[in-house]
Amino acid sequence: MTRFYVTTPIYYVNDAPHIGHAYTTVTADALARWHRLIGDDVFFLTGTDEHGLKVQRAAEANGLTPMEHADRTSDRYRQTWAGLDISYDDFIRTTEPRHYQATQKLMQAAYDNGWIELRPYEGLYCVSCEAYYTEGELIDGNLCPIHRTPVEMLKEENYFFKLSEFSDRLLEWFEQKPGAVTPEAKRNEAIGLIKGGLRDISISRTSITWGVPVPWDAGHVFYVWYDALINYATAVGYGADPARFGAWWPEAHHLIGKDILRFHCVYWPALLMAAGLEPPKRIAVHGFLLVGGEKMSKSALNQIAPADLIPTFGVDGFRYHFLRDQTFGPDGDFSYEGMVARYNADLANNLGNLLARVSTVVERKCGGIGPAPDPESRLAAIAASVYEAAASAWERIAPSEALDATWRLVRETNAALEAAEPWKADPGPAVNAVLGDALEALRIVALLASPALSRASQEIWRRIGLAGAVSEQRLPEAAAWGGYPAGSRVERAGPLFPRITE
Ligand code: MSP
């Protein structure tokens, strides 16, 4: 059985979940659902990144301990994902004992292999920030940009990862695995970073305590990124369950935003190599969701929470928008008007009307009992080519294309109904054939749209009289033309996607 291990970045708990985070998580969820449908053994991981100075500060600002603060925000992420039907198999928190163990084991392996060493580090330090600054970041020569107080020249001992010695091995990996980082432009960006020259990186701190202790030197904790990345190994049993880890690693597909490309496409593969492990199978990089042309951020006060949109669009409308309208890869502008337009066009009109029409006419002309599809229907060939296009798009992590292909079947079925006008005809074989085909098309659409429409696809399935769960079906067999069981009772009910008029 093919294994498919898909991950989202783990989200910092200093920020509340917004639609930028939801975009990645919904994409990962849709992919996980697709791969379950095609019968893969799927493991879908998300979680929260809970160490580091930023989190420590956010906790202090709220009068909480870092752990109390992390508990609260991590919970908000879980609730948000529950509200979006995110079907993760595991939610990892970097403060869990299993993650401490895995981080320490992986880093110990890199250390034992000679890739980590203690070196003095000298830099301009703001004590209030507990952070180093470069000269260029300072105000008036020597003032901290946040506190506007003088910085100090500080010397501390840090553990360094000898990243500079991995350039050749990294470039070799990029060459041997052309599909490891997608899209192509991001792959080139990562190669450019390596060719531009890699410097050794400082991976530990003595000035903070909120982190995973360095196992061979208790005065140090790992800098937040070098425990965070390891979450992907922790969750599949690194250092705890070798058989499980062996089964899942390196089958990982990491979905990430472009701002964390360097960490995932350069540092992470090198760290894995240093520990004697293989780099992940794939890193798929996406752009930002912009609001009014700007990246959403706390400071820009332009954050939109999923809960702001779900009451209007529903879970399906929310998921559909981010999968269909935000192409995975480039930056995309979020617009409320655009979201309404897409919802009304694709969901309320095309799909919603198709279901409403078919169920109404089946009630009137066939006594509410679904007729059989025609094996020779023109729609059969369309459904087959739609399946091929959708499957290839999901494989390429192109949900927008997959859904566009799926909606071709919706449009063609509507067009076939409009051409035949069964609502005007007398009951009989001709009407039965058209409606049987439309029911069969709806059945296939429910299957192919189910990674996006976690609820509506099941409702379509139920209303056209099918038993069981869409998620229990297996592709490609279930999508073959002719599967609709004639004689099923079709239910006519209210609009699946009420039109949004505001
Ligand atoms: N904790 C790190 C990731 C560690 S992974 C081992 C982190 N967290 S984050 O919460 O700041 O960001 C997580 C992800 O959300 C990143 O991929 C980032 O690109 C994404 N996004 C944050 N804002 C975004 C948008 N406005 N649009 C799309 N994605 C954005 O970085």
Side-chain angles (χ1 to χ4, degrees), residues 5-28 45-56 58 70 73-74 76-77 80-81 86 90-95 99 102-103 106 181 186 189 203 210-212 222-236 238 252-269 271-272 279-280 283-306 308 321-323 325-335 397:
Y5 174 25
V6 62
T7 69
T8 72
I10 46 172
Y11 302 103
Y12 283 132
V13 288
N14 60 325
D15 211 355
H18 59 60
I19 57 173
H21 307 127
Y23 165 56
T24 321
T25 310
V26 165
T27 304
L45 175 71
T46 189
T48 42
D49 190 353
E50 308 190 355
H51 290 126
L53 201 57
K54 268 202 274 192
V55 173
Q56 202 173 321
T73 319
S74 185
R76 286 182 70 176
Y77 273 94
T80 304
W81 301 154
I86 303 301
D90 192 359
F91 186 102
I92 193 167
R93 300 183 56 184
T94 54
T95 47
H99 182 62
T103 301
L106 196 142
V181 173
K186 297 299 177 200
E189 193 178 320
I203 58 163
W210 184 234
V212 179
F222 289 111
Y223 176 56
V224 58
W225 267 102
Y226 306 102
D227 95 66
L229 288 164
I230 297 168
N231 89 86
Y232 303 128
T234 308
V236 286
Y238 179 79
H253 296 251
H254 300 314
L255 305 193
I256 63 158
K258 65 181 185 181
D259 52 336
I260 54 177
L261 177 146
R262 175 192 294 266
F263 290 99
H264 283 81
C265 304
V266 181
Y267 299 178
W268 176 226
L271 207 51
L272 285 161
I283 303 153
V285 187
H286 66 74
F288 290 144
L289 206 60
L290 307 175
V291 174
E294 274 185 59
K295 186 182 182 228
M296 258 180 303
S297 69
K298 247 187 191 170
S299 51
L301 290 175
N302 61 355
Q303 292 187 336
I304 301 170
D308 298 334
H321 167 77
F322 288 100
L323 293 165
D325 263 350
Q326 303 294 338
T327 305
F328 193 87
D331 286 351
D333 234 316
F334 172 78
S335 116
I397 315 191

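Side chains included, hydrogens not; waters and symmetry mates left out as well; all remaining heavy atoms used. Small disclaimer: the values here were computed from a predicted structure and weren't measured. Both counts, for ligands and for their atoms, begin at 1 and track the order of listing.
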Student: Check the angle between the aromatic planes of W225 and Y12 and answer parallel, tilted or perpendicular using the 30° and 60° thresholds.
Tutor: perpendicular

Student: My understanding is that only residues two or more places apart in sequence, or in another chain, count here; which of them pass salt bridge (charged side-chain N to carboxylate O under 4.0 Å, His left out) with D90?
Tutor: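 D90 satisfies salt bridge (charged side-chain N to carboxylate O under 4.0 Å, His left out) with R98 only.
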
Student: Quick one: are the ring centres of H18 and F334 less than 6.0 Å apart?
Tutor: no

Student: Does D308 have any salt bridge (charged side-chain N to carboxylate O under 4.0 Å, His left out) partners at least two apart in sequence or in another chain, and if so, which?
Tutor: none

Student: Could I get the full list of salt bridge (charged side-chain N to carboxylate O under 4.0 Å, His left out) partners for K258, not counting sequence neighbours?
Tutor: D331

Student: Quick one: table the atom pairs, ligand 1 N or O against protein N or O, below 3.5 Å, distance rounded to 0.1 Å.
Tutor:
residue: ligand 1; atom: 1 (N); partner: I10; partner atom: O; Å: 2.8
residue: ligand 1; atom: 1 (N); partner: D49; partner atom: OD2; Å: 2.7
residue: ligand 1; atom: 10 (O); partner: Y12; partner atom: N; Å: 3.2
residue: ligand 1; atom: 17 (O); partner: G257; partner atom: N; Å: 2.9
residue: ligand 1; atom: 19 (O); partner: D259; partner atom: OD1; Å: 2.5
residue: ligand 1; atom: 26 (N); partner: L289; partner atom: O; Å: 3.1
residue: ligand 1; atom: 27 (N); partner: L289; partner atom: N; Å: 2.8

Student: Mind checking whether H51 and W210 have parallel, tilted or perpendicular rings, split at 30° and 60°?
Tutor: perpendicular

